Engineer: 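Starting off with a structure, shown below.
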Amino acid sequence: MVIDARELSFSEAFKELRDVVYQGVASRDDVLVFLNAHDSEKLNLITGFVEILLECKTSVVEANGYYVVKVIQEPVARAC
């Protein structure tokens with residue numbers, strides 16, 4: 001599944017990500033989030049949201065003026 005978050009507000013992007021991950025759609029497909037490369041604040045907020053609140057890992061690649069965030073459906077290791 002691809003989420004084009006370039007024109008979405010923070011809250012809209014968070015809602016879409018949350019819905020995709022919680023509904024289990026992501027377990028069958030990769031979830032990719034596209035952002036503009038100049039929008040590093042949005043990148044940091046989205047990766048933090050995914051890693052902390054959704055408990056998934058992320059991988060970020062910059063290409064052709066965009067950031068591509070891949071949501072990895074494995075739980076983040078928790079501190080004991």
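No hydrogens, no waters, no symmetry mates; every other heavy atom, side chains included, goes into these values. Predicted model only: the values in this text are computed from it and were never measured.
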Engineer: Mind checking whether Phe34 and Val68 have side chains closer than 4.5 Å, heavy atoms only?
Structural biologist: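 Contact flag for Phe34/Val68 side chains = yes.
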Engineer: Using the side chain to side chain contact (heavy atoms under 4.5 Å, CB included) rule, pick out the option among Val31, Val71, Val33 that qualifies with Val50.
Structural biologist: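 It is Val71; the other options fail the test.
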Engineer: Kindly compute the distance separating CZ (Arg18) from OG (Ser11), expressed to the nearest 0.5 Å.
Structural biologist: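 The CZ atom of Arg18 sits 10.0 Å away from the OG atom of Ser11.
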Engineer: How many angstroms lie between CD in Glu41 and CG in Leu45, if you round to the nearest 0.5 Å?
Structural biologist: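 One finds 5.5 Å between CD of Glu41 and CG of Leu45.
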Engineer: Going hydrophobic residue to hydrophobic residue with side-chain gaps under 4.5 angstrom, can you get from Phe10 over to Tyr66?
Structural biologist: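 No, because Phe10 and Tyr66 fall into different hydrophobic clusters, even though each may have its own neighbours under 4.5 Å.
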Engineer: Is there a path from Val2 to Val20 through hydrophobic residues (I, L, V, M, F, W, Y) whose side chains come within less than 4.5 Å of each other?
Structural biologist: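 Shared cluster, no.
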Engineer: Considering non-hydrogen atoms only, spot the tightest contact between Leu17 and Phe49 and give its length.
Structural biologist: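 That closest heavy-atom pairing would be CB-CE2, 4.2 Å.
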Engineer: If you compare all heavy atoms of Leu43 against all heavy atoms of Leu35, which two are closest, and at what distance to 0.1 Å?
Structural biologist: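 For Leu43 versus Leu35, the nearest heavy atoms are CA-CD1, 3.6 Å.
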Engineer: Could you measure the distance from the CD1 atom of Ile72 to the OG1 atom of Thr58? Nearest 0.5 Å is fine.
Structural biologist: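 It is 7.0 Å, given to the nearest 0.5 Å.
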Engineer: Are any side-chain N or O atoms of Asp4 and backbone N or O atoms of Arg6, one a donor and one an acceptor, separated by less than 3.5 Å?
Structural biologist: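 Checked: pair present.
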Engineer: Shortest non-hydrogen contact from Phe14 to Ile46?
Structural biologist: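 Closest approach of Phe14 to Ile46, heavy atoms only: CE2-CG1, 3.9 Å.
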Engineer: Hydrophobic cluster membership, with links at side-chain heavy-atom distances under 4.5 Å among I/L/V/M/F/W/Y: are Val69 and Tyr22 in one?
Structural biologist: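 In one cluster with Val69: Tyr22, yes.
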Engineer: Between Lys42 (side chain only) and Ala13 (backbone N and O only), is there a donor and an acceptor less than 3.5 Å apart?
Structural biologist: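 A pair under 3.5 Å: no.
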Engineer: Is any side-chain heavy atom of Asp39 less than 4.5 Å from a side-chain heavy atom of Tyr67?
Structural biologist: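 No, too far: nothing below the 4.5 Å cut-off.
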